[in-house]
Protein chains: 2
Amino acid sequence: MTNVREEIILATCRLLEKQGYPATGLNEIVKESGAPKGSLYYYFPEGKEQIISEAVRYAGQILVERMRTGLIRVDDPLQALYEFINHQADQVEKQHFTAGSPLTIVSVEAAGSSERISQACRAVYDQIEAVLQERLACCGLTEAEAAEQARLTLASLEGGMILSRVHHSAAPLRSVARHLKDSMKKAVEK
Amino acid sequence: MTNVREEIILATCRLLEKQGYPATGLNEIVKESGAPKGSLYYYFPEGKEQIISEAVRYAGQILVERMRTGLIRVDDPLQALYEFINHQADQVEKQHFTAGSPLTIVSVEAAGSSERISQACRAVYDQIEAVLQERLACCGLTEAEAAEQARLTLASLEGGMILSRVHHSAAPLRSVARHLKDSMKKAVEK
DNA sequence: GTCTATACGGTGATAGAC
DNA sequence: GTCTATCACCGTATAGAC
C-alpha cells in the first residue's frame, strides 16, 4: 500500500468520525489528506463507497487490535474491560467528543443506503463481539453466556459513546464502565 | 399549527430515521410531505436547521409520551420496562429496521456541526432520562441510584437500537430488554 | 400562501493531456 | 501517477409574480 493511498484512508477516518458518511465529501478528503487531486479515482476506482468501506475496515482493524491487546494487559477480564472503556473515555475526552472510530455513525447512516458499507460495518462489529466473547469466556461463563454478555457489553459501549458525544462529557462512558464491571461480577459470582 | 406545516414535520421525521440529517434534502422533504413547494420557507424561514430541530423535538415529544404511558401500564416498573423495549423491538422489526425515532442518528451527526440541533437532541435525551428515573425510583432506589440506572438503561437502549439496525434483526434489542430486567432485579434485591 | 424561476456553490464522477 | 477541465446533477436559499 503506497503512502498516498494510506493517507487518504486515514484522512477519511478522521472526517468520518466527525461528520459521518453523507456529510463527508470527496473534495474534503483530498484536502484533508494532502493527497494529489488526481489520486482519488486512481487508488479507488469504484468511488466513494469503496473509500468509505475501506476506511471503516481500516479503523475497525485498529480498534479490534487495540481491544485485543488492551483486554489481556490485566489478568482479571472484568478489570481489563473496565480499564479499557475508561481509556476510551480518556481518548474521547481529549478529542473533544467527536471521536470513537467512524463505526457508530457510519453504520447507522449506511444501513439503509449502501449494502456494501453496511457489510463492512457488520464485519467489524462481529469481530468486536468475538474478541469480547473470547475474553469473557475466561470468567467461567458458558459459550452462550459469554456471547450474550459480549453483545450486551457492545450495546452499552455504543450507547455510552453516543451519550458522551451528545452531552460533551465522558461521564456516561465512565458510568457504563463501572456498571459493566459490577453487574458482570455479580453475574459470575452467582 | 396548520396541516401543511405538520405534514412537513412528519415527513421530515420519517426521512430522518432512514437517512439522517445531511442526507435528507429539502426537496426530498417537500416531495415526501406532499406539501406545496412554496411552503417550506414560509413556515420555516430559518431554513434547514429549523426544520430538523423542530422535527427532533416533535418526534422526541411523541417518544417521551409513549414511554411515560407505556411504563405505567404495568405495576412492576421492571416488567413495564421490559415490555416497553420489546414493544419497540416489534415496531423496529415491522419497519424493516430503519426506524426508532430520528433521535439517535441525528444526535450523532449534528454533534459537531449544528449546536442548535444538538441542543434539541440533548433536551429530548434529558426528558427520557427523567421519565426513566422517575419510574425506576419506585423500585426503592435512592434518587442518585435511579438516575444512574436511568442513564445506563438509556445507553443500553441506544446501543441495542444501533445493533438491531446494523444486523437487521430485533434480537439485540430483545437481549437488552431481557438483560436489563434481570440485572436490575438483582440490583434491587440485594 | 403558494408558484416559478433562479442564483450559486457543491457533489460525485469522467476524459484526456502530461 | 498526477493534473486540469469539465460533466450533469444536486444542494440550500432567495426573489418576485400571483
Side-chain angles (χ1 to χ4, degrees), chain A residues 1-57 102 105-106 109-118 120, chain B residues 1-56 102 105-106 109-110 112-118 120:
Chain A
M1 190 193 273
T2 94
N3 246 348
V4 168
R5 200 188 142 92
E6 189 158 8
E7 280 307 324
I8 292 175
I9 297 278
L10 285 169
T12 305
C13 290
R14 287 193 296 273
L15 293 170
L16 285 179
E17 323 192 301
K18 268 197 308 188
Q19 308 165 338
Y21 166 36
T24 297
L26 299 187
N27 295 338
E28 212 178 352
I29 293 176
V30 169
K31 202 206 271 179
E32 166 83 14
S33 68
K37 293 200 175 188
S39 302
L40 252 201
Y41 279 89
Y42 175 79
Y43 289 110
F44 305 93
E46 292 152 69
K48 191 176 184 179
E49 277 197 316
Q50 185 186 5
I51 300 180
I52 307 293
S53 300
E54 295 204 21
V56 166
R57 255 189 294 272
I105 185 166
V106 174
E109 291 178 314
S113 61
S114 164
E115 185 49 37
R116 179 173 185 176
I117 298 175
S118 267
Chain B
M1 190 191 275
T2 95
N3 248 349
V4 168
R5 199 189 142 92
E6 190 159 9
E7 280 307 323
I8 291 175
I9 296 278
L10 285 169
T12 305
C13 290
R14 288 194 296 273
L15 293 171
L16 285 179
E17 322 192 302
K18 268 197 306 187
Q19 308 165 338
Y21 165 36
T24 298
L26 299 187
N27 295 337
E28 212 178 351
I29 292 176
V30 169
K31 202 205 272 180
E32 165 85 14
S33 67
K37 293 201 176 189
S39 302
L40 252 201
Y41 279 89
Y42 175 78
Y43 290 110
F44 305 93
E46 292 152 67
K48 192 176 184 179
E49 277 198 315
Q50 185 187 5
I51 300 180
I52 307 293
S53 299
E54 294 204 21
V56 166
I105 185 166
V106 174
E109 291 178 315
S113 60
S114 163
E115 184 50 36
R116 179 173 185 175
I117 299 176
S118 266

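We name chains A, B, ... by the order of the sequence lines, and we start the count at 1 in each one. Keep in mind it's a predicted model, so treat the numbers as computed, not measured.
Every side chain to side chain donor-acceptor pair (under 3.5 Å) that Glu49(B) has, sequence neighbours left out, goes to Ser114(B). Applying the side chain to side chain donor-acceptor pair (under 3.5 Å) test to Thr12(B) and every residue at least two apart in sequence or in another chain returns nothing. Looking at residues two or more places apart in sequence or on another chain, you find no side chain to side chain donor-acceptor pair (under 3.5 Å) involving Glu7(B).
Ser113(B) and Tyr21(B) are not linked by any side-chain donor-acceptor pair at a separation below 3.5 angstrom, with hydrogens and angles left out of the test.
Using a 4.5 Å heavy-atom threshold, the side chains of Val4(B) and Pro36(B) count as touching.
Taking 4.0 Å as the cut-off between side-chain N and carboxylate O, Glu54(B) and Arg116(B) do not count as a salt-bridged pair.
Residues Ala110(A) and Ser118(A) come closest through the heavy atom pair O-OG, 3.2 Å. Considering every non-hydrogen atom in both Ala55(B) and Leu16(B), the closest pair reads CB-CD1, 4.1 Å.
If you walk DNA chain D from 5' to 3' and mark each nucleotide with an atom closer than 4.0 Å to a heavy atom of chain B, the marks span dG11(D) to dT14(D).
Panel note: side chain Ser39(B), backbone Tyr42(B); no donor-acceptor pair is recorded below 3.5 Å. With Lys31(A) contributing its side chain and Leu26(A) its backbone, the two residues share no donor-acceptor pair below 3.5 Å.
A heavy atom lying under 4.0 Å from DNA chain D marks the following residues of residues 14-27 of chain B, by number: Thr24(B), Gly25(B), Leu26(B), Asn27(B). Of the residues in residues 29-47 of chain B, those lying under 4.0 Å from DNA chain D by heavy-atom distance are Tyr41(B), Gly47(B).
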